[in-house]
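Numbered from 1 within each chain, the chains take letters A, B, ... in sequence-line order.
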Amino acid sequence: MLSMDLFRNQVDKIREDHNKRGLSHESIDRVLALDEEWKGALKEMENSRRERNLAAKGIAEAKKTGDVATSEKIMSDVKNLGEVISALDKKANSLLEERDKIRMSIPNLLHNAVPVGEDEGGNTQHSLHGVKPDFSFEPRTHNELIEMNKWVDLERAAKIAGSRFFFLKGDLARLEMALQSYAVDFLVNRGFTFVQPPVMMNRPAYEGVTDLSDFETVMYGITPDPLYMIATSEHPLTAMYMDEVIEPSLLPIKMVGVSACFRREVGAHGLSDRGIWRVHQFTKIEQIVISHPDESWDHHEDLLQNCVDLWDELGLHYEVVNICTGDMGTVAARKYDLEAWLPGANAFKEIVSCSNCTDYQANRLRMRYRTSDGNAAVHTLNSTAVATSRALVAIMEQNQLEDGRVTVPNCLVSMMGGKTHLEPCKW
RNA sequence: GCGGCGAUCGCAUAGCCUGGCCAUUGCGUCGGAUUGCUAAUCCGAUGGGUGUUCCCGCGGGGGUUCGAAUCCCCCUCGCCGCGCCA
């Protein structure tokens, strides 16, 4: 959410941003109009309140001196003031609510370096990493590999849970766990604190971190409790300091979170989504930084560098992409994606998303830090380290051998009990 | 799940019984002053807001009242005990 200060004093910045995104200015104008209306209503209410406060003082004084006549006169004069105030209060509140409802839907201001484009076709390559694998045979898709090696059971998962769920078995399941340990160790060594979050959140906290439309298309609601399954540990970890004033000496707060992630994936279909690429439940290791506003762009580059180093060590071929204006979403001000090369699909596909959300989530969450000049919003950043199901797909497809076995990345061998290749599962 | 107790500005606290001055005090943090002593002392600031001599704010929501941190009801969370339990 953009601060009201921005609307009142620098609205041209918001307008320029909307032009870049190709959005109409209707919402901006509506926020400004409602803000003026709200100010008017509030002024009216405050005047009545002041009147009541003065009267209350008069009554107190009169009663002290035993002046019954005066106190009773004032009391009858202001008897209906309470109702007037509560009516004005209601009016002001509904205007404020309406203003902020619209404000919630207005996207974050983009960083200047974000390329302008209508959709994902406008994304630009930032850098290319690793070596494209060269096969002496026709490489298999990950779907073929998990089937021939019996590493994943989609049918039985569908039977007991539904489509897009999976059982992970044997060496591939073990590799999944190795990836978790590897990624956590990697980031702990770079000064991040390992945090395991709740996997359910209440609505008020959730509204602080995500686009409102996500409640319809992304999150699972829990019955009968008013909770939502998290779509990523970014959400609980970012909301962790909701409604708090953070001591500046604590900044930056750097966390590496691991959790199961749950996504409804409404509307997602297609051949490319089969297997374990797009699923309702997967595990993700996530980097989170809560930062001083002046340092967030440096942290954003650090988060990307951590990903690059981590994925280089896995020995994979991938590219880093600058996400363009049309593909950005509401929360991030700038975003890099890592896209891994999938030989089976003959394409680069998204495995990591690295965002600086500046003060957008912090404003919604009322997450501030103390300054000599009052409290100010912090900045929040998040980046995937490893989404294990997608990392497994990339490793399987890039490291496959002609017989269908898969070479374990060197950095994971020790966590696989010395095993250098994934062997088929017997059943 | 049951019973008891609680929630006050970054933290800790007073005020609540008995409704009415500016929500008290300590600590921490920040700013300033001063002094030769690894620092001390003094002063100031330190929840939010459209109108900043004003208004709001005492976990959230409702109610009573001319007036609620204070009285009543509901909810949330926490602590203690009991029950259940991986």
Interatomic distance where [atom1] belongs to [X] and [atom2] belongs to [N] [whole Å]:
{"X": "Ile85(A)", "N": "A68(B)", "atom1": "CD1", "atom2": "C1'", "result": "14 Å"}
{"X": "Leu81(A)", "N": "C55(B)", "atom1": "CG", "atom2": "P", "result": "13 Å"}
{"X": "Asn93(A)", "N": "G49(B)", "atom1": "CG", "atom2": "P", "result": "16 Å"}
{"X": "Leu54(A)", "N": "G20(B)", "atom1": "CG", "atom2": "P", "result": "18 Å"}
{"X": "Leu88(A)", "N": "C55(B)", "atom1": "CG", "atom2": "P", "result": "15 Å"}
{"X": "Glu244(A)", "N": "G47(B)", "atom1": "CD", "atom2": "P", "result": "16 Å"}
{"X": "Ile246(A)", "N": "U46(B)", "atom1": "CD1", "atom2": "C1'", "result": "17 Å"}
{"X": "Glu247(A)", "N": "G28(B)", "atom1": "CD", "atom2": "C1'", "result": "7 Å"}

Inset, instruction - Let me see the working for Thr358(A) and Asn356(A) under side-chain hydrogen bond (donor to acceptor under 3.5 Å, both in side chains), right down to the final yes or no. - result: CA-CA 5 Å; Thr358(A) 60; Asn356(A) 185 355; 5.2 Å; no
[N] phosphate, OP1 or OP2, under 4.0 Å from [X] side-chain N/O:
{"X": "Asn47(A)", "N": "C54(B)", "value": "no"}
{"X": "Lys57(A)", "N": "C22(B)", "value": "yes"}
{"X": "Asn53(A)", "N": "C56(B)", "value": "yes"}
{"X": "Arg49(A)", "N": "C56(B)", "value": "yes"}
{"X": "Asn375(A)", "N": "G48(B)", "value": "yes"}

For the [atom1] atoms, the ones on [N] and on [M], what distance do you get once it is rounded to whole angstrom?
{"N": "U70(B)", "M": "G63(B)", "atom1": "P", "result": "14 Å"}
{"N": "A7(B)", "M": "G57(B)", "atom1": "C1'", "result": "16 Å"}
{"N": "U13(B)", "M": "G31(B)", "atom1": "C1'", "result": "26 Å"}
{"N": "C82(B)", "M": "C74(B)", "atom1": "P", "result": "27 Å"}
{"N": "C54(B)", "M": "U8(B)", "atom1": "C1'", "result": "24 Å"}
{"N": "G6(B)", "M": "A69(B)", "atom1": "C1'", "result": "15 Å"}
{"N": "G83(B)", "M": "G10(B)", "atom1": "C1'", "result": "39 Å"}
{"N": "U53(B)", "M": "C5(B)", "atom1": "P", "result": "45 Å"}

Inset, instruction - Consider the side chain of Arg370(A), meaning its heavy atoms from C-beta on, and name the nucleotide among C66(B), G49(B), G28(B) that approaches it most closely. - result: G28(B)
Legend entry - Nucleotide pairing, RNA chain B (Watson-Crick or G-U, distances under 3.5 Å), in dot-bracket with [ ] and |: ((((((((.[[[..)....(....]]]((((((.(...).))))))(((....)))..[[[[[..)....]]]]])))))))....
Please report whether the ring centroid of [Y] lies less than 6.0 Å from that of [X].
{"X": "His126(A)", "Y": "Tyr336(A)", "value": "yes"}
{"X": "Tyr220(A)", "Y": "Tyr228(A)", "value": "no"}
{"X": "His111(A)", "Y": "Trp297(A)", "value": "yes"}

Can you tell if the side chain of [X] reaches within under 4.5 Å of the side chain of [Y], non-hydrogen atoms only?
{"X": "Ile285(A)", "Y": "Thr384(A)", "result": "no"}
{"X": "Thr238(A)", "Y": "Met240(A)", "result": "no"}
{"X": "Ile351(A)", "Y": "Trp277(A)", "result": "yes"}

Legend entry - 5' priority, RNA chain B, between Trp38(A) and Arg52(A) [closest heavy atom]: Trp38(A)
Legend entry - Whichever of Gly40(A) and Arg50(A) has its nearest RNA chain B nucleotide further upstream toward 5': Gly40(A)
Inset, instruction - Decide yes or no on side chain to side chain contact (heavy atoms under 4.5 Å, CB included) for Gln305(A) and Asp309(A), but give the supporting numbers first. - result: CA-CA 6 Å; Gln305(A) 191 60 48; Asp309(A) 293 343; 3.0 Å; yes
Legend entry - Base orientation of U70(B), syn vs anti, 90° cut from 0: anti
Legend entry - Six-ring centre of Phe215(A), Arg203(A) cation under 6.0 angstrom, axis tolerance 45°: yes
